[in-house]
Amino acid sequence: MSFPLLTVTAAVPAAGAILTAAVPAARRTAAKWLALLVSLATLACAAVVFARFEPGGARYQLVESHSWIREFGVRYELGVDGIGVALIALTALLIPFIVLAGWHDADPLAESTSGSAAGHSSKWRPTQGFFAMILMVEAMVILSFEATDVFLFYILFEAMLIPMYFLIGGFGDRAHAGSDSNAAAQRSYAAVKFLLYNLIGGLIMLAAVIGLYVVAGGFSLPEIIAARANGTLDMATNTERWLFLGFFFAFAVKAPLWPLHTWLPNAMGEATAPVAVLITAIVDKVGTFAMLRFCLGLFPEASKWATPVIVALALVSIVYGALLAVGQRDIKRLIAYASISHFGFIVLGIFAMTSQGQSGATLYMVNHGISTAALMLVAGFLISRRGSRLIADYGGVQKVAPVLAGTFLIGGLATLSLPGLAPFVSEFLVLVGAFARYPVAGIIATTGIVLAALYTLVLYQRTMTGPVKEEVKKLPDLRPRELAVVAPLIAVLIFLGVFPQPLTDIVNPSVRHTMSDVQQKDPAPSVPAKNLEAAK
C-alpha cells in the first residue's frame, strides 16, 4: 500500500486541532505556537502533494480508496486533480498567516493590545478553542478538495459549518467592544444567518445526493464520470436537471452567488479579520471548486442547459457587488461586497465553457484568496488600532504609518487586478474566455474592473490620504509579527503576477478533462490565423 499522503495532509491539522484544544487553559501562548507549528507542518505536506503531482499524468492522482459504508457503496475515496492541488496549496499557505494575524484575537480582553477593547478584564476568550477550530476547518477544507466520493464530500461540506459558526458568533470584531450587548446580538445574527443559509443549501444538496445514488447506484465520482462517458449510465433529462439544481444551489450559497449572497457581508463584518479571511479566501472556494468538479463532471448536459441563466447571475454578482462596494461606509463590508463581485467573475469563467475561462476561474480562486487575505488582514490591523470599521473615522494614515498604508495600497491594487499582480492574469483569462463564447457577457463583465478601481482607490484616498485626523495621530506602524503576515503575501502576489506558469501548468490539464466531460471545445477565433499572417 502506498503512503496515504492525502490523508496525512488533512490529518495533521485535524490532530493539531485536538492537541491545541487540549492545552491547559493557562498555557495560551503554548496553544498559539502549537497551532502555528501544525499549520506549517500542513504547509509542508501540501508542498509534497504539489511536488508529487504530475500534470501530464492520470486525472486523479495519489488516490486512496477504502470501503466505508459497504451497504450503500460509500467509500473513503480521495484523489486530486490539478485544480484540487492548487486549492490545497492555497489553503495550506494562508492558514499560518491567519494564525499569526489572529495571535491576540482570542486573548482575554485585559491582555489584548487591540485599541479600545483593552481594560475589560472580566471578559474571557478561549484562545485554545479559537485556534483549534481554525485548524479543524483547514482539515475539512483540504479533505473537501481531495474527496472523490460524493457522500464523503457532502459530509465534509456540511461539517465545516459547525466550527465556522462558533468562529463567527463567538469571536467577534473587537471594534464593537464598546457596546457589548449590541455587538453580541450582531455576531449572533451573522452566525445564525451564515448557518441557516448554508444548512438550507446543504439539505437541498442532500436530497440531490440521495437522488444521484438512486440513479447511479453509487457515489464514486470517477466511476460515474466513466459510466457516463462509455454510455452505461444514461440519466433522463429532467432527472439530471433536477439533480444538477440541487447540487448547484448548495454551491451557489457557499460561493456566494447573487441572490444567495446576503449572509457574507454580515459574517465578514462581524468576524475578526483572520476569520473573515478564512471565510472568503478558503471556505467559500469549496463552492466554486465543487461547481467545476461535481456540477460539470456529474451533470454535463444539465450544466450546458443552465449556463445562460448562471452566466446572467454571475454578471449580476459582478456589477451588483461592485456597486454596493462603492457605496459602503464600513471597511470590512466593502471588502465583502468586493468579494461577491470577484466570485461572479469566477462563476462566469467556469460556465463560459472555454478552456481560458475555466483556467482563469481556477487561478482566480487562488489569486483572490491571496489578494483578499492581504487586504483584509492589513485592514484588520488598521481597525484594531483605531477601534472602528467606519471609513469616515480615518484620514492621513499614510503620514503616521507609511508601511501599513503601503501594504494596504498593494492589497487594494491587487483587488482591482492591476497588471503585474496575480489577479490580473486570472481576470484577463476569465474575460477572454467569456468573450470568446458570450461577447455581450464579456463586455458587461468589464464594468466590474472599472467599479473595482473606483471602490479601491476611493477607499485608499479616504483612509490613507488627506489631513491627519486627531484619532489616528498616534497609530503605530506595522509590528514585526504583522509584517511577517503581510510581506510574504505581497511577495506571492508579485511572483504569480509575473510568473503564473507553475499554477497554469498544473491547472490546464484538469481543465481539459472538465471540458471533455461537458463535450465542449473552444470557439474558433473570428479572425483565422492565416488572415492575421497575411495582414502582416
Side-chain angles (χ1 to χ4, degrees), residues 97 100-121 123 125 172-180 182-183 186 268-274 276-277 325-336 338 372-416 454-487 489-490:
F97 300 118
L100 266 179
W103 201 253
H104 296 298
D105 285 357
D107 285 347
L109 290 176
E111 297 181 7
S112 172
T113 59
S114 34
S116 62
H120 294 259
S121 58
K123 306 297 182 183
R125 298 162 71 86
D173 188 342
R174 289 183 173 184
H176 288 312
S179 53
D180 291 339
N182 184 49
Q186 291 183 24
M268 289 185 65
E270 299 306 319
T272 64
V277 171
V326 170
Q328 286 302 306
R329 297 180 297 172
D330 182 308
I331 296 174
K332 291 172 71 177
R333 289 178 71 91
L334 185 152
I335 298 172
T372 299
L375 181 61
M376 177 61 85
L377 293 178
V378 177
F381 298 148
L382 177 66
I383 292 167
S384 70
R385 285 158 165 74
R386 173 67 177 84
S388 173
R389 297 177 353 209
L390 297 179
I391 297 172
D393 288 341
Y394 296 88
V397 174
Q398 68 178 11
K399 296 177 183 177
V400 298
V403 178
L404 189 154
T407 54
F408 190 86
L409 178 61
I410 296 174
L413 293 176
T415 298
L416 63 82
L454 180 60
Y455 62 69
T456 300
L457 296 178
V458 168
L459 171 64
Y460 183 83
Q461 179 189 36
R462 292 178 178 175
T463 55
M464 302 296 166
T465 66
V468 180
K469 290 201 172 184
E470 188 66 31
E471 296 82 359
V472 304
K473 283 184 177 180
K474 295 183 179 180
L475 290 186
D477 213 335
L478 291 183
R479 303 178 179 94
R481 173 180 60 85
E482 296 165 336
L483 276 172
V485 171
V486 179
L489 293 174
I490 291 175

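All values below come from the heavy atoms of this structure, side chains included, with hydrogens, waters and symmetry mates left out.
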Practice task
Scan residues 395-416 for pairs that pass side chain to side chain donor-acceptor pair (under 3.5 Å), counting only residues two or more places apart or in two chains.
Solution key: Q398-Y460
With [X], which residues qualify under side-chain contact (heavy atoms from CB on, under 4.5 Å), at least two apart?
{"X": "P476", "value": "R385, R479"}
{"X": "T463", "value": "I331, I391, Y394, F408, L459"}
{"X": "A336", "value": "P265, M268"}
{"X": "A101", "value": "P274, L377, F381, V485"}

Problem - Partners meeting salt bridge (charged side-chain N to carboxylate O under 4.0 Å, His left out) with K474 (sequence neighbours left out) - result: none
Search all heavy atoms of [X] against all heavy atoms of [Y] and return the closest pair with its distance.
{"X": "S388", "Y": "D393", "value": "OG-OD2, 2.5 Å"}
{"X": "A338", "Y": "Y455", "value": "CB-OH, 3.4 Å"}
{"X": "A273", "Y": "G380", "value": "CB-CA, 3.6 Å"}

Exercise for the section: Look only at the side chain of K332 and the backbone of A379, and say whether a donor-acceptor pair between them is shorter than 3.5 Å. Expected result: no
Exercise for the section: Kindly say whether G269 contributes a backbone atom to a donor-acceptor pair with the side chain of R389 at under 3.5 angstrom? Expected result: yes
Atom pair [atom1] ([X]) and [atom2] ([Y]), whose distance is rounded to the nearest 0.5 Å:
{"X": "L334", "Y": "T456", "atom1": "CG", "atom2": "OG1", "value": "7.5 Å"}
{"X": "L409", "Y": "Q461", "atom1": "CG", "atom2": "CD", "value": "12.5 Å"}
{"X": "R386", "Y": "K469", "atom1": "CZ", "atom2": "NZ", "value": "8.0 Å"}

Handout entry: Close side-chain approach of V378 to I410, heavy-atom, < 4.5 Å
Key = no
Practice task
Can you sort out the partners of Q328 under side-chain hydrogen bond (donor to acceptor under 3.5 Å, both in side chains), two or more places apart, ordered by chain and number?
Solution key: none
Practice task
Using the side-chain contact (heavy atoms from CB on, under 4.5 Å) rule, take L404 and V397 through it: C-alpha gap first, then chi angles, then the decisive distance, then the call.
Solution key: CA-CA 8 Å; L404 189 154; V397 174; 4.3 Å; yes
